[in-house]
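Here's the structure, in structure tokens; my notes come after.
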Amino acid sequence: MHLRVFTAYLCVAALFSCVDEVQLPIRQTERRLVVEGLITDGPFPWVRLTYTGYYNSSNPAPPELVINDALVQIRDEEGRSVRLVPDPFAPAYYGLRDSSFVGKVGRSYTLSVTLPDGSRYESRPERLNPVPPLEPLRARYRRGLSELGQPDLYDILVDTQDPSALGNYYRWSSLAYVPRWTEFDPRHPPFNPFGPICGTCSCWVPSYGPPTDVLSDALINGNRISGRIVYSVPIMAVSAYYVQIRQYSLTRAAYQYWNLFEQQRTRTGSLFDPQPASIEGNVRAVSDTTKLALGFFGASAMSQQRLTIPGDTINYDRFLINGKRFIPPTGDCYTNFSQPILVPPQGWPPR
């Protein structure tokens, strides 16, 4: 028995001794233009221009990959055009200072980009299709899997009526302001004879849903879209939550782009994943139409709803007991969270 154990040990040691670290070379490819943009029937169309390259969370907009000096124009099929100018506070973004220019339902829009080196790119025309009105939002409380350390959630549900004509496509975007605590919870601040420990220990932090929640009416044409979950907001503190949902119309080309984008984004490496595929956008070089930019320029009608979730249905003390796995971080809101706000956002209606 001892001989077998010793032999097994030698085999394992031999296996580990034969493992050498391999430094794989990073593939170098020609950089490509990345175009993201949208015009709606609301004010302020926008476009973002960058090059492909190496990004990371600590530097999401490397200066060498940001394009701030391009000529950017949007025009419709009737010849009306408008120029977008660089945003001085948001690198790579272009927008309008004049809010009077808005997209019109039924018209088609084309994006034109001239880069600093003189090369020109243009999108295929995108038709701005109508969108049905988004009905008042609903929120549904759902318990998270405590054994996995998940917080409880508010599922945000939308309702709308799909038109009788076939060929409607939808996309939803989500924004929630989630209350957060640092240092302590507001009802149990530690005693400090010298004054408050932290002046900004309670705040709201923006949380965004994925931009790729899309739907085709191929299987539901003319029926109601009822109770569709478009976002799940994590419950990280006991206070009011503020949620905004926007419902966009899409063309068939835009739906196919976002659907494929979502398939690639959610790949897990299993045998059942869709095969990797090139995501073709709708922007290409004028001089060589085989030269594609990455990204998509879209035109959408938009319907929006906002919801205030009071949070008064959550038992405060029970939340503290069950929420010990969510110990408030040390420091204040500004050192722990990105873009915190200290007062509730304006314009959210009471529930």
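Positions are given from 1 along the sequence. Only this structure's heavy atoms are used, side chains among them; waters, hydrogens and symmetry mates stay out. Everything numeric in this text was worked out from a predicted model, so none of it was measured.
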Next item on the list: If a pair satisfies salt bridge (Lys or Arg N to Asp or Glu O under 4.0 Å) and one of its residues is in residues 281-303, list it, with sequence neighbours excluded.
Entry: E280-R284

Note to self: Applying a strict under-4.5 Å side-chain criterion to I, L, V, M, F, W and Y, I'd like to know whether V113 and V82 cluster together.
What the structure shows: yes

Checklist line | Contact summary for W181 and P328, nearest pair of heavy atoms | finding: O-CB, 3.7 Å

Notebook entry, point to check: Does anything in residues 174-194 pair up under salt bridge (Lys or Arg N to Asp or Glu O under 4.0 Å), and if so which pairs, sequence neighbours excluded?
Noted result: none

Check: Where the side chain of Q305 meets the backbone of L134, is there a donor-acceptor pair that is under 3.5 Å apart?
Finding: yes

Check: According to the interplanar angle, ranging from 0 to 90°, do the rings of H188 and Y316 count as parallel (below 30°), tilted (30 to 60°) or perpendicular (above 60°)?
Finding: tilted

Checklist line | Residue R252 excluded, over 12 heavy atoms near CZ under 6.0 Å | finding: no

Check: Less than 6.0 Å separating the ring centroids of W348 and Y177?
Finding: yes

Checklist line | Among K104, R127, R107, the one residue meeting salt bridge (Lys or Arg N to Asp or Glu O under 4.0 Å) with D76 | finding: R107

Margin query: Using salt bridge (Lys or Arg N to Asp or Glu O under 4.0 Å), reason through E64 and R31 one step at a time and then give a plain yes or no.
Written below: CA-CA 11 Å; E64 67 274 11; R31 71 177 185 177; over 6 Å; no

Next item on the list: To the nearest 0.5 angstrom, please state how far the CG atom of N129 sits from the CG atom of N168.
Entry: 8.0 Å

Next item on the list: Of all the heavy-atom pairs spanning T308 and A240, show the shortest one and how long it is.
Entry: CG2-CB, 4.5 Å

Note to self: Whether the side chain of S207 engages the backbone of A176 through a donor-acceptor N/O pair (distance < 3.5 Å, no angle test) should be reported.
What the structure shows: no

Note to self: Could you tell me if the side chain of P211 sits less than 4.5 Å from the side chain of R171, heavy atoms only?
What the structure shows: yes

Next item on the list: Decide, based on the SG atoms alone, whether C333 and C203 are under 2.5 Å apart.
Entry: yes

Next item on the list: Apply the test side-chain contact (heavy atoms from CB on, under 4.5 Å) to residues L137 and V158: give CA-CA distance (whole Å), side-chain angles for both, the deciding distance (0.1 Å), then the verdict.
Entry: CA-CA 5 Å; L137 304 175; V158 298; 3.7 Å; yes

Check: Can you find a heavy atom in the side chain of L215 that is under 4.5 Å from one in the side chain of I220?
Finding: yes

Next item on the list: Mind running side-chain contact (heavy atoms from CB on, under 4.5 Å) on L33 and Y121 for me, showing each step along the way?
Entry: CA-CA 9 Å; L33 175 66; Y121 286 79; 3.7 Å; yes

Checklist line | All salt bridge (charged side-chain N to carboxylate O under 4.0 Å, His left out) counterparts of D159, not counting sequence neighbours | finding: R138

Check: Any side-chain heavy-atom pair from S239 and W204 closer than 4.5 angstrom?
Finding: yes

Next item on the list: Mark yes when over 12 heavy atoms from residues, nucleotides or ligands other than R224 sit less than 6.0 Å from its CZ; otherwise mark no.
Entry: yes

Notebook entry, point to check: Does P132 offer a backbone N or O that forms a donor-acceptor pair with the side chain of Q247 under 3.5 Å?
Noted result: yes

Item checked: Straight-line distance of I314 CD1 to Y241 OH, nearest 0.5 Å -> 6.0 Å

Notebook entry, point to check: Short question: side chain of E77, backbone of S108 - any donor-acceptor pair under 3.5 Å?
Noted result: yes

Notebook entry, point to check: Is any side-chain heavy atom of Y334 less than 4.5 Å from a side-chain heavy atom of T200?
Noted result: yes

Next item on the list: Nearest 0.5 Å please: distance from the CH2 atom of W258 over to the CD atom of Q263.
Entry: 14.0 Å

Next item on the list: Return the minimal non-hydrogen interatomic distance between T289 and V286, and the atom names on each side.
Entry: CG2-O, 4.4 Å

Margin query: Is there a continuous path of hydrophobic side-chain contacts, each under 4.5 Å between heavy atoms, that joins I229 to V243?
Written below: no

Next item on the list: Over all heavy atoms of both residues, which pair between S232 and D155 is shortest? Give the atoms and the distance, please.
Entry: OG-OD1, 2.6 Å

Sequence neighbours left out, cut at 3.5 Å: what donor-acceptor pairs do the side chains of residues 36-51 make with other protein atoms?
| from | atom 1 | to | atom 2 | distance (Å) |
| --- | --- | --- | --- | --- |
| E36 | OE2 | R48 | NH1 | 3.1 |
| T40 | OG1 | G42 | N | 2.9 |
| D41 | OD1 | M302 | N | 3.1 |

Notebook entry, point to check: Going from OG1 on T110 to CZ on R75, what distance comes out if it is rounded to the nearest 0.5 angstrom?
Noted result: 5.0 Å

Checklist line | Hphob cluster co-occupancy, V205 + V343, side-chain heavy atoms under 4.5 angstrom | finding: no

Note to self: Please evaluate residues T251 and E126 with respect to the criterion side chain to side chain donor-acceptor pair (under 3.5 Å), reporting the C-alpha separation (whole Å), side-chain torsions for both, the decisive distance (0.1 Å), and the verdict.
What the structure shows: CA-CA 7 Å; T251 62; E126 275 286 292; 2.9 Å; yes

Next item on the list: Report yes if some heavy atom in the side chain of I67 is under 4.5 Å from a heavy atom in the side chain of Y94; otherwise report no.
Entry: yes

Checklist line | Gap separating the OH atom of Y169 from the OG atom of S249, nearest 0.5 angstrom | finding: 12.5 Å

Item checked: Side chain to side chain, L96 and L84, heavy atoms closer than 4.5 Å -> yes

Item checked: Gap between atom CD of E262 and atom CD1 of I279 - 0.5 Å precision -> 10.0 Å

Next item on the list: Start with the C-alpha gap between L250 and S300, add the side-chain angles, then the distance that decides, and say whether side-chain contact (heavy atoms from CB on, under 4.5 Å) holds.
Entry: CA-CA 6 Å; L250 295 178; S300 300; 4.1 Å; yes

Item checked: salt bridge (charged side-chain N to carboxylate O under 4.0 Å, His left out) partners for R306, two or more places apart -> none

Check: Is any side-chain heavy atom of F296 less than 4.5 Å from a side-chain heavy atom of R124?
Finding: no

Checklist line | Candidate pair L145 and Q150, rule side-chain contact (heavy atoms from CB on, under 4.5 Å), full reasoning | finding: CA-CA 5 Å; L145 299 176; Q150 294 179 350; 3.4 Å; yes

Checklist line | All pairs passing salt bridge (Lys or Arg N to Asp or Glu O under 4.0 Å) where residues 205-222 contributes a residue, at least two apart | finding: D213-R228

Next item on the list: Give a yes or no answer on whether the side chain of W172 reaches the backbone of Y231 with a donor-acceptor pair at less than 3.5 Å.
Entry: no

Checklist line | Residue pair V105 / A301: nearest heavy atoms and the distance that separates them | finding: CG2-CB, 4.3 Å

Checklist line | Nearest heavy-atom neighbours spanning Y109 and R80 | finding: OH-NH2, 4.1 Å

Notebook entry, point to check: Should I235 and P151 count as side-chain neighbours, where that means a heavy-atom distance under 4.5 Å?
Noted result: no

